[in-house]
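In what follows, every heavy atom counts, from backbone to side chain, and hydrogens, waters and symmetry copies are set aside.
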Amino acid sequence: MSTDIIASRRGFLTHAGAGAGVLAAGMALGSVTADAAEGKANAPAAKPAAAKSQPKSQGAGFWPGDIRLVISVSMQFEAGGQPLKGTDSPFPKVDFPDSVPSDAVANTWFAYGYREGVPRMLDLWDKHDVKVTSHMIGEAVRKNPDLAREIVKRGHEAAGHGPRWSSEYAMSREEERRFLTEARTMVAEVTGQTPVGYNANWLRRGPHTLPLLQELGYLYHIDDVSRDEPFIEQVDGRDFVVVPYTLRNNDIVLIEGRNYTPIQFLEQVTLDFDQLYEEAGHRRRMMSISAHDRISGTPQMVRVWDKFLTYAKSHPGVAFLRKDEIARFAAASPLTVRETETI
């Protein structure tokens, strides 16, 4: 898929206004640490009638400027990097004989992610001036380089997600080092952006993963669901940032795994937002929410995301930040939780 084709279908040239939101976030974070980057979203002037009345105070000093609650969106770019057969999909599992090289229908489901899903979500993020972190599988990036470059061009973060779908926890230390190095190189060569964050396949890291990530220059990982805010843990006696991921606000878990309707998904993430927004008045809070290319990129799910983004941004002090921005801020902030245990 060429960039020209994508442009003609998705209106790629209509997002010039995104730079203003990028600059605003960079200025806010820059007041705390010079390393923080762009991405703070501006709240719309009008609030939907369904929204609750809000506390008078916005920021409480836990985030830069007047930010009260940070929302961290993950956009998984995996389609095209899956095994040709034997991969989880909505279709019944079949043990294909060796004479059948691939599960063709399952692969069409994944293809939806790069043909329709990611382009549709990119237009959605532009509409709301939201920046996300895209966890990219290396083979998916190589198969669709124009799309991977477009993600970065629009101001989103390219993060590591392995070169392919593999059981990372089963690898020796040297095998995993090569695996992680290859993952970073594949994304960097195509997008021009070297990943500083990492997500293992289904979060299943091994005993060597965190030390290797730190040795290879990664800033943070997300394979942890134990907190609703970024934190610091010790890896071989050195600080390493965790920007927690989510299962409870995850489309692949809820929509595909539990057969939630889009409206049930909207209710789930809205209730989660309301509670965290309330708590954010007296402690640092971050909401994590996940969008997979072939799931959240469907028409009905993009409608749901559109409603949620409108609702969230109607609240004072809500900012959508990339995970690298969050990690840099957390690393520099004296208020960041420091865990005494590393799980």
Side-chain angles (χ1 to χ4, degrees), residues 15 17-42 62-65 67-77 118 121-122 124-136 141 148-161 184 187-188 191-199 213 217-224 228-231 240-246 249 284-293 296 305 308-309 312-313 317-333 336:
H15 57 273
V22 170
L23 178 61
M27 292 173 64
L29 289 170
S31 65
V32 181
T33 169
D35 290 327
E38 54 291 292
K40 179 184 173 186
N42 297 318
F62 304 115
W63 294 103
I67 297 175
R68 176 187 178 97
L69 174 67
V70 163
I71 300 181
S72 171
V73 179
S74 299
M75 182 176 71
Q76 309 299 95
F77 183 21
V118 171
M121 284 193 287
L122 286 177
L124 176 73
W125 309 140
D126 281 354
K127 175 182 177 180
H128 291 274
D129 195 14
V130 162
K131 302 305 175 190
V132 308
T133 293
S134 183
H135 307 281
M136 299 181 173
V141 168
R149 282 190 286 266
E150 185 67 28
I151 292 170
V152 171
K153 179 182 176 182
R154 295 216 195 179
H156 306 295
E157 177 192 4
H161 197 22
R184 181 181 60 186
V187 172
T191 67
Q193 186 178 114
T194 301
V196 297
Y198 192 76
N199 173 209
L213 288 174
Y218 283 86
L219 176 65
Y220 71 92
H221 79 97
I222 72 167
D223 300 326
D224 190 304
D228 292 319
E229 63 184 288
F231 61 93
F240 200 50
V241 179
V242 181
V243 183
Y245 193 52
T246 179
N249 299 326
R284 183 181 291 167
R285 298 282 77 181
M286 182 194 81
M287 179 181 182
S288 179
I289 183 166
S290 180
H292 288 72
D293 44 24
S296 279
W305 274 91
F308 173 72
L309 296 177
K313 292 187 67 178
V318 172
F320 289 80
L321 299 181
R322 300 172 7 165
K323 287 178 170 61
D324 56 347
E325 298 169 349
I326 295 168
R328 289 188 174 99
F329 173 76
S333 172
T336 300

Atom pair [atom1] ([X]) and [atom2] ([Y]), whose distance is rounded to the nearest 0.5 Å:
{"X": "Ser296", "Y": "Leu124", "atom1": "OG", "atom2": "CG", "value": "9.5 Å"}
{"X": "His161", "Y": "Ile222", "atom1": "NE2", "atom2": "CD1", "value": "7.5 Å"}
{"X": "Phe329", "Y": "Ile67", "atom1": "CZ", "atom2": "CD1", "value": "8.0 Å"}
{"X": "Phe231", "Y": "Met286", "atom1": "CZ", "atom2": "CE", "value": "9.5 Å"}
{"X": "Arg328", "Y": "Arg322", "atom1": "CZ", "atom2": "CZ", "value": "8.0 Å"}

Under 3.5 Å, side chain of [X] to main-chain N/O of [Y], donor-acceptor pair present?
{"X": "Glu157", "Y": "Asp324", "result": "yes"}
{"X": "Asn249", "Y": "Ser288", "result": "yes"}
{"X": "Ser134", "Y": "Met75", "result": "yes"}
{"X": "Arg184", "Y": "Tyr218", "result": "no"}
{"X": "Lys323", "Y": "Val243", "result": "no"}

Can you name the closest pair of heavy atoms from [X] and [Y] and give their distance?
{"X": "Ile326", "Y": "Ser72", "value": "CD1-CB, 3.7 Å"}
{"X": "Val152", "Y": "Ala158", "value": "CG2-CB, 3.8 Å"}
{"X": "Ser290", "Y": "Thr246", "value": "N-CG2, 4.0 Å"}
{"X": "Leu69", "Y": "Met287", "value": "CD1-N, 4.2 Å"}
{"X": "Asn199", "Y": "Gln76", "value": "OD1-NE2, 3.1 Å"}
{"X": "Phe240", "Y": "His221", "value": "CE2-CD2, 3.7 Å"}

* Option among Arg149, His156, Glu150 that satisfies the side chain to side chain contact (heavy atoms under 4.5 Å, CB included) test with Lys153 -> Glu150
* Go through the steps for Asp126 and Leu122 under the test side chain to side chain contact (heavy atoms under 4.5 Å, CB included), then give the verdict. => CA-CA 6 Å; Asp126 281 354; Leu122 286 177; 5.5 Å; no
* Show your working on side chain to side chain contact (heavy atoms under 4.5 Å, CB included) between Phe320 and Lys313 and close with a plain yes or no. => CA-CA 9 Å; Phe320 289 80; Lys313 292 187 67 178; 3.5 Å; yes
* Six-ring centre of Trp63, Arg284 cation under 6.0 angstrom, axis tolerance 45° -> yes
* Taking the inter-plane angle between the rings of Trp125 and Trp305 on a 0 to 90° scale, is it parallel (under 30°), tilted (30 to 60°) or perpendicular (over 60°)? -> perpendicular
* Given side chain to side chain contact (heavy atoms under 4.5 Å, CB included), test Gln193 with Val187 step by step and report yes or no. => CA-CA 7 Å; Gln193 186 178 114; Val187 172; 6.0 Å; no
* With side chains defined as the heavy atoms from C-beta onward, is the minimum distance between Tyr245 and Asp223 less than 4.5 Å? -> no
* Met136 and Ile151: side chain to side chain contact (heavy atoms under 4.5 Å, CB included), yes or no, with the steps? -> CA-CA 10 Å; Met136 299 181 173; Ile151 292 170; 3.8 Å; yes
